[in-house]
Amino acid sequence: MKNSMQIKIGSLLSYLQMGVNILIGLLYTPIMIRMLGSSEYGLYNTVSSTIAMLSILNLGFNASYIRYFSKYKKKNDEESISKLNGLYIIIFMVIGFVGFICGLFLSFNLNLVFDQGLTAAEYETARVLMLLFTVNLTISFPMSVFQSIISAHEKYVFLKSVGILRTVFSPLLTLPLLLLGYRSIAMITVTICVSIVADIAYLIYSKKFLKISFKFSGFESGLFKSMLIFTSFIAINLIVDQVNNNMGKFLLGRYMGTTAVAVYSVGYTLYQYYTLFSSTISGVFAPRIHRIVNETNEDVNKMKQNLTELFSKVGRIQFLILSLISSGLIFFGKPFISFWAGEEYAESYYVAILLIIPSSIALIQNLGLEIQRAQNKHKFRSLAYVIMALINLSLTVFLCQKFGATGAAIGTAASFVIANGFIMNIYYHKKCNINIIYFWKSILKMSRGLVLPVVFGTGINILVDFNGATWKMFAGILGYAMIYVVSMWFFGMNQYEKSLLIDFTGKMVNVFRRHKR
């Protein structure tokens, strides 16, 4: 299959995987929570987050493989590609061994993770979980090389198809075990088995269809040093991501216990689904951004105009989608979380709101990352995010002990506002040829469409009691969505956005008609 077709189908499969991931998560997570109970669910999330932080050991080497593969492929230097493959296997086997030692150390020093006393049974469960997650991490490091190889060859259809199957089969195999009374240990065991099967599929495909080979000697002089320099800022981003994504759970597990982790995890899960809607929209604009920068490199004013227009255009579309979800969560999040996860997770509503609202600043501006890369100005973002991680860590250590799960979310929210709301917006305006004032004026104009939905949402929360009335909640959500679309159409959207909606609706109608025939 030609690479262009691979890219198109691979992109569609990426959207499909996102949809499947969200759908399965929304259906599977509440069952898992109820089967495990809040304590073991929190225990499971604390251990998984702790081990996940060890993924920083890869130092971004995965991301650098494609760069060096492309360099040698352009010269048809198969010998150097074989040596590159061998070097990467060696690197990741060493990383896997280091990860295994770290995981083994944590498994037998659980007091470093759980300062609050667990029962003897909970400590034993935590130790087994830690060991199993360690095994999974150790295997995943060297096997991840084959995913990088397949991606470098642009065989996205196979890569994404296996990813979708992996997403589907893990919960499908776990669910019967949960219903039969097996618990978190069975869950991670199934995850390991599914991961191994997927990794073997990647390995076989790489060897049989891509005909890759490995050479473990005669490496190019200075290659490892060059890779290490290239991945240094990627490694910084990985560390920052792990602090922002997992440190809250780790600190809650240490200072407040597993129940607080469970509450935080429910809110954080909704936040994760929220972020997916933005990342899938912006990725397709990367080639256009690089083209604008390259073609207008000699005319800074034209570059600034073109980048600002594209930045604002995409940002408005993202705002249109994300403001529906975030505002809807504000008005209907409490009854939804009680219905979805259980009434004991009421505090998760505040966690979700505190994570989602501030993160929206970065999510409607995530085209800015590609703009920075195109202008080779992305190093500043890494430094800004280090500041964000340090603020997050210092605030969360203090606030989680005072206010539990909500306190951990406040620490993360504050770091989001400082780094994304202030630091990055000033940098965009001063250094990245984006008129950020024009952008926010454009977003403010679109915000007029929120007035009617906000009035409706406020009124329905005052007049309607959603407790124990699930049908009222879903009717309210449907009514809110309809009012939102109508209000945005008349008061928020411009002609370009209306034409996109009309075009999308027309395509959906045509698909439905063909299906009926």
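Keep in mind the model is a prediction, meaning the values are calculated, not measured. FYI, the numbering just counts along the sequence from 1.
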Residue pair Met446, Asn494: steps toward the side-chain contact (heavy atoms from CB on, under 4.5 Å) verdict: CA-CA 9 Å; Met446 182 173 252; Asn494 58 32; over 6 Å; no
Heavy-atom side-chain proximity of Thr308 to Asn433 below 4.5 angstrom: no
What is the minimum heavy-atom distance between Gln365 and Ile436, and which atoms define it? NE2-CD1, 3.8 Å
I'd like to check Leu322 versus Ile356 (side-chain heavy atoms, cut-off strictly below 4.5 Å). Are they in contact? no
Those residues that, when tested against Tyr427, pass ring-ring contact (aromatic ring centres under 6.0 Å, His included) (two or more places apart): Phe380
Decide side-chain contact (heavy atoms from CB on, under 4.5 Å) for Leu307 and Gln375; before the verdict, give the C-alpha distance in whole Å, the side-chain angles of both, and the deciding distance to 0.1 Å. CA-CA 11 Å; Leu307 288 177; Gln375 299 178 74; 3.8 Å; yes
Hey, could you give me the CG/OG distance between Leu84 and Ser148, rounded to the nearest 0.5 Å? 10.0 Å
Write down the atom of Gly476, the atom of Phe332, and the distance for their closest heavy-atom approach. O-CZ, 3.4 Å
Is it true that Tyr484 and Ser323 share a donor-acceptor pair across their side chains at a distance under 3.5 Å? yes
Trace of the side-chain contact (heavy atoms from CB on, under 4.5 Å) decision for Phe319 with Ser360: CA-CA 8 Å; Phe319 179 80; Ser360 299; over 6 Å; no
For Trp340 and Leu26, indicate whether the former's side chain and the latter's backbone hold a donor-acceptor pair under 3.5 Å. yes
Where Ile364 and Gln318 come nearest, the two heavy atoms and their spacing: O-OE1, 3.0 Å
Heavy-atom distance under 4.5 Å between the side chains of Ile317 and Val314, does that happen here? no
Establish, from distance only, whether the side-chain atoms of Ser49 and Asn45 form a donor-acceptor pair under 3.5 Å. no
Distance-minimising heavy-atom pair for Ser170 and Thr191: OG-OG1, 3.7 Å
Parallel, tilted or perpendicular, as decided by the 30° and 60° cut-offs, for the rings of Phe146 and Phe214: perpendicular
Gap between atom CG of Leu251 and atom CG of Leu393 - 0.5 Å precision: 6.5 Å
Does Tyr438 OH have over 12 foreign heavy atoms under 6.0 Å away? no
Side-chain donor/acceptor of Asn461 to backbone N/O of Phe331, under 3.5 Å: yes
Would you kindly say whether Ser442 and Ser312 are connected by a side-chain donor-acceptor distance under 3.5 Å? no
Relative to each other, are the rings of Tyr268 and Tyr271 parallel, tilted or perpendicular (30° and 60° limits)? tilted
What's the spacing between Ile443 CD1 and Phe439 CZ if we round to 0.5 Å? 4.0 Å
Student check: side-chain heavy atoms of Ile91 and Val145 closer than 4.5 Å: no
Per side-chain contact (heavy atoms from CB on, under 4.5 Å), Met388 is matched among Asn420, Val417, Ile423, Ile418 by Asn420
In this structure, OG of Ser487 is separated from CZ of Phe490 (nearest 0.5 Å) by 9.5 Å
Evaluate the side-chain proximity of Met143 to Phe92: yes if any heavy-atom separation is below 4.5 Å, no if none is. no
Between Asn392 and Thr412, is any side-chain donor less than 3.5 angstrom from a side-chain acceptor? yes
Give a yes/no verdict on a cation-pi contact between Arg381 and Tyr385, requiring under 6.0 Å between NZ or CZ and the six-membered ring centre and an angle within 45° of the axis. yes
Can you classify the ring geometry of Phe158 versus Tyr205 as parallel (below 30°), tilted (30 to 60°) or perpendicular (above 60°)? parallel
Minimum heavy-atom distance Ser82-Ser213, with the two atoms named: OG-OG, 2.5 Å
Is the closest side-chain heavy-atom distance between Trp489 and Leu501 below 4.5 Å? yes
Ile434 vs His429 side-chain heavy atoms within contact, under 4.5 Å: no
For Tyr350, is the OH atom crowded, meaning more than 12 foreign heavy atoms sit under 6.0 Å from it? no
When rounded to the nearest 0.5 Å, the distance separating CG of Asn306 from NZ of Lys302 is 6.5 Å
What one should report as the nearest heavy-atom pair of Arg166 and Asp199 is NH1-OD1, 4.3 Å
Answer yes or no: does atom NZ of Lys498 have more than 12 heavy-atom neighbours from other residues, nucleotides or ligands under 6.0 Å? yes
Would you tell me whether Gln305 and Asn435 have side-chain atoms, one donor and one acceptor, within less than 3.5 Å of each other? no
Any sub-3.5 Å donor-acceptor pair from Ser206's side-chain atoms to Tyr202's backbone N or O? yes
Could you give the distance from OG (Ser48) to CE (Met53), rounded to the nearest 0.5 Å? 10.0 Å
Between Ser348 and Tyr264, is there a donor-acceptor pair closer than 3.5 Å when you use the side chain of the first and the backbone of the second? no
Heavy-atom side-chain contact between Ser326 and Ile357 under 4.5 Å: yes
Can a donor-acceptor pair be found, under 3.5 Å and without considering hydrogens, that links the side chain of Gln401 to the backbone of Val397? yes
Any side-chain to backbone donor/acceptor pair from Arg316 onto Lys313? Under 3.5 Å, distance only. no
Walk me through it: do Met247 and Thr396 pass the test side-chain contact (heavy atoms from CB on, under 4.5 Å)? CA-CA 8 Å; Met247 189 56 71; Thr396 302; 5.9 Å; no
Checking the side chain of Lys334 only, and the main-chain atoms of Tyr349 only, is there a donor and an acceptor separated by less than 3.5 Å? no
